[in-house]
Amino acid sequence: MNFRKYSIACMVGLCFSLVGCGGAPEASLVNCAGKGLESSLADLKDNEVARQAFLDQCDALKK
């Protein structure tokens with residue numbers, strides 16, 4: 001019985017932690033090149049201000 005309660009508690013905790021993983025991508029070397037850049041820009045397609053800010057941060061990383 002304790003194992004079942006422990007399993008349910010772990011599943012609920014995992015669900016809450018995975019929900020918190022979403023959000024806007026951060027500018028990094030991985031996210032500013034190749035496939036990372038494509039997926040980051042796809043995530044920001046509805047927010048032009050955030051998209052431009054992300055591109056500006058990528059440009060600052062290159063310098």
Side-chain angles (χ1 to χ4, degrees):
M1 190 67 169
N2 286 338
F3 180 73
R4 185 173 180 175
K5 289 180 184 179
Y6 177 74
S7 298
I8 292 172
C10 287
M11 289 186 339
V12 169
L14 180 62
C15 289
F16 280 121
S17 66
L18 290 177
V19 168
C21 289
E26 294 182 17
S28 67
L29 294 176
V30 174
N31 286 341
C32 290
K35 291 284 186 185
L37 181 63
E38 290 178 18
S39 64
S40 297
L41 292 178
D43 290 344
L44 296 170
K45 67 181 176 183
D46 295 333
N47 189 347
E48 188 62 35
V49 174
R51 183 180 177 128
Q52 188 60 46
F54 177 79
L55 291 173
D56 292 341
Q57 290 174 352
C58 286
D59 288 340
L61 281 176
K62 292 177 185 176
K63 292 180 181 179

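Not measured: the values here are computed from a predicted model.
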**Q.** Atom pair OG/NZ of Ser40 and Lys45 - distance to nearest 0.5 Å
**A.**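 One gets 13.5 Å once the value is rounded to the nearest 0.5 Å.
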Write down the atom of [X], the atom of [Y], and the distance for their closest heavy-atom approach.
X	Y	value
Leu61	Cys32	CD1-SG, 4.1 Å
Ser39	Gly36	OG-O, 3.1 Å
Leu55	Leu37	CD2-CD1, 4.3 Å

(Q) Tell me every residue that passes side-chain hydrogen bond (donor to acceptor under 3.5 Å, both in side chains) with Gln52, counting only those two or more places apart in sequence or in another chain. (A)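 Listed in chain order: Asp56.
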Q.
Counting C-beta onward and ignoring hydrogens, is there a side-chain heavy-atom pair between Phe54 and Asp59 closer than 4.5 Å?
A.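 Of all side-chain heavy-atom pairs linking Asp59 with Phe54, none is under 4.5 Å.
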Q) Heavy-atom distance under 4.5 Å between the side chains of Leu41 and Asp43, does that happen here? A)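 No, too far: nothing below the 4.5 Å cut-off.
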